[in-house]
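Within every chain, numbering begins at 1; the chains are lettered A, B, ... in the order of the sequence lines, protein sequences first and strands thereafter.
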2 protein chains.
Amino acid sequence: MRSDAERNYARILSAAKTIVAKQGAQASLRDVARRAEVGMGTLYRHFPTREALLETLLRDRFEALAAKAAALESARDPFAALAEWLREFLSWTPFRGLASALMATLSDQESALHASCHAMRQAVGRLLARAQESGQVRPEVDSLDLFALVNAVGWVSEQAPDLAARQERLLGFVLDGLASQQDDADSRECR
Amino acid sequence: MRSDAERNYARILSAAKTIVAKQGAQASLRDVARRAEVGMGTLYRHFPTREALLETLLRDRFEALAAKAAALESARDPFAALAEWLREFLSWTPFRGLASALMATLSDQESALHASCHAMRQAVGRLLARAQESGQVRPEVDSLDLFALVNAVGWVSEQAPDLAARQERLLGFVLDGLASQQDDADSRECR
DNA sequence: TTGACAAGTGGAGCACTGCTCCGATTATAC
DNA sequence: GTATAATCGGAGCAGTGCTCCACTTGTCAA
């Protein structure tokens with residue numbers, strides 16, 4: 001890559017990081033270009049779609065989360081490991097619209113983000129399987145359920161500050177819902 | 001109201017219903033005006049904000065849901081009543097972006113939608129309280145938790161058709177998470 | 001050191017958006 | 001039939017995503 005191209009690439013990424021953090025995933029790309037002191041053409045040359053830009057911003061973190069999941073696979077308590085990973089996942093909210101972007105990549109195989117978080121999803125899938133094998137999580141839960149619900153909690157947190165403050169609590173409810181249940185609806189009534 | 005104004009009001013609402021169902025809450029208002037065969041000025045005269053338009057589209061349904069909640073207050077099994085209401089709530093997905101719009105109204109007291117669904121939220125709050133009094137739902141859950149989680153499930157369903165197909169299932173997990181828990185994390189490990 | 005030239009740049013331009021404004025129109029009351 | 005206030009419609013403004021291409025510039029062989 002030519003040296004000026006490399007410089008611009010870095011400038012764009014840096015500008016995008018700031019602006020996306022402030023305005024969310026729907027930030028104006030013109031604003032990004034402006035802040036990077038670069039033309040629209042240059043921005044689109046380096047990042048042909050908005051998603052490509054977001055993917056580059058997120059890639060490192062996805063890899064780190066995948067690694068974290070891999071490390072937790074050997075933890076003593078599989079359920080606690082799963083819970084820890086989910087908390088870690090949710091603790092990092094770089095911008096509004098992340099949850100939505102992540103859900104969109106599930107069905108869009110072409111998307112840059114799809115490939116980028118595939119490894120992460122696989123790794124957390126193994127965490128889930130371990131928790132199920134140990135009998136701590138309901139067997140009918142699959143990793144799509146898990147991913148959808150944790151993103152749902154993330155989405156709620158994006159909606160308002162007072163909801164973000166409840167994130168831990170909501171995740172707790174969801175985790176309890178995924179955990180193996182001793183009672184069914186009928187026996188619950190008898191308590 | 002002048003007769004031509006009344007006619008245009010109805011035309012706009014009818015057009016909005018169709019277009020919002022197709023394009024979601026972010027539908028182009030120009031499209032709505034075009035379909036209603038009305039100028040932009042006319043549309044904005046009747047509905048000064050996009051929210052005002054959505055609110056009018058939703059109002060009837062909110063009232064019906066509030067009534068349904070009120071009716072369920074005398075049900076025999078409070079938990080089943082709550083579950084039934086939540087299922088009813090989720091069964092009606094008039095357009096993409098509804099969940100987000102509803103969450104936004106929570107913090108925005110000025111919004112037309114805020115007033116419009118206040119009664120509904122109060123009614124379902126009473127359903128929740130009954131289920132808690134009967135010991136079927138954890139006492140620490142409040143109606144904001146409930147509203148947030150049910151909207152989160154609704155949001156997930158908006159993201160992809162195969163996720164919409166899991167709506168019942170996801171709601172089930174969430175409901176089990178809100179239900180009174182017999183076991184804590186330690187005892188779960190022993191099973 | 002100097003061209004040659006591909007690689008890279010930047011911004012004008014198009015079609016769209018939300019929203020405002022105001023001259024033209026029209027339903028209605030007298 | 002006319003006065004007039006209510007209503008209408010679309011031009012216009014500032015913004016958006018994205019494309020296109022004339023121009024500039026870094027690189028490298030001569």
Do Q159(B) and N151(A) have side-chain N/O donor and acceptor atoms under 3.5 Å apart?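 Result is no, nothing qualifies.
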Any side-chain donor-acceptor pair under 3.5 Å between S134(B) and Q136(B)?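 Note: S134(B) and Q136(B) side chains meet the donor-acceptor criterion.
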What about R2(A), does its side chain sit under 3.5 Å from the base of dT25(D) through a donor-acceptor pair?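 Answer yes: a donor N or O sits under 3.5 Å from an acceptor.
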With a 3.5 Å cut-off and just heavy-atom distances, do the side chain of R30(A) and the base of dG13(C) make a donor-acceptor pair?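 Check passes, donor-acceptor contact within cut-off.
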Could you pick out which residue, Q26(A) or D4(A), lies toward the 5' side of DNA chain D when each is mapped onto its nearest nucleotide?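 Looking at DNA chain D, the more 5' nearest nucleotide goes with Q26(A).
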Of all the choices, [options], which nucleotide is nearest to the side chain of [X] once you look at every atom?
{"X": "T42(B)", "options": "dC18(D), dC8(D), dC19(C)", "result": "dC8(D)"}
{"X": "M40(A)", "options": "dT16(D), dG11(C), dT20(C)", "result": "dG11(C)"}
{"X": "D31(A)", "options": "dG10(D), dC18(D), dT16(D)", "result": "dT16(D)"}
{"X": "R50(B)", "options": "dG17(D), dG18(C), dT7(D)", "result": "dG18(C)"}

Could you check whether any side-chain heavy atom of V150(B) comes within less than 4.5 Å of a side-chain heavy atom of V174(B), counting everything from C-beta outward?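 No. Closest side-chain heavy atoms not under 4.5 Å.
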Any heavy-atom pair between the side chains of L163(A) and W155(A) that's under 4.5 Å?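 No - every pair of side-chain heavy atoms lies 4.5 Å or more apart.
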Are the side chain of E158(A) and the backbone of G97(A) linked by a donor-acceptor contact shorter than 3.5 Å?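 Between the backbone of G97(A) and the side chain of E158(A) there is a qualifying donor-acceptor contact (under 3.5 Å).
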Any donor-acceptor pair under 3.5 Å from R59(B) side chain to C117(B) backbone: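 No, because the side chain of R59(B) does not come within donor-acceptor range (under 3.5 Å) of the backbone of C117(B).
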Looking at [X], I'd like to know whether one of its side-chain N or O atoms comes within less than 4.0 Å of OP1 or OP2 on [N].
{"X": "N8(B)", "N": "dT7(D)", "answer": "no"}
{"X": "H46(A)", "N": "dT9(C)", "answer": "yes"}
{"X": "S3(A)", "N": "dG26(D)", "answer": "no"}
{"X": "S28(B)", "N": "dC16(C)", "answer": "no"}

Take the protein atom [atom1] of [X] and the nucleotide atom [atom2] of [N], then report the distance between them rounded to whole Å.
{"X": "Y44(A)", "N": "dG11(C)", "atom1": "OH", "atom2": "C1'", "value": "14 Å"}
{"X": "R11(A)", "N": "dT9(C)", "atom1": "CZ", "atom2": "P", "value": "11 Å"}
{"X": "I19(B)", "N": "dG18(C)", "atom1": "CD1", "atom2": "P", "value": "11 Å"}
{"X": "R45(A)", "N": "dT25(D)", "atom1": "CZ", "atom2": "P", "value": "16 Å"}
{"X": "Y9(A)", "N": "dG10(C)", "atom1": "OH", "atom2": "C1'", "value": "20 Å"}
{"X": "R7(B)", "N": "dT25(C)", "atom1": "CZ", "atom2": "P", "value": "16 Å"}
{"X": "Q23(B)", "N": "dC16(C)", "atom1": "CD", "atom2": "C1'", "value": "12 Å"}
{"X": "L43(A)", "N": "dT9(C)", "atom1": "CG", "atom2": "C1'", "value": "12 Å"}

Reading DNA chain C from 5' onward, which residue's closest nucleotide shows up sooner: R34(B) or M1(B)?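 Checking each residue's closest nucleotide, the 5'-ward one belongs to R34(B).
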Tell me what A36(A) touches on the nucleic acid: a base, only sugar-phosphate, or nothing, going by heavy atoms under 4.0 Å.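 If one applies the 4.0 Å heavy-atom cut-off, A36(A) turns out to touch nothing in the nucleic acid.
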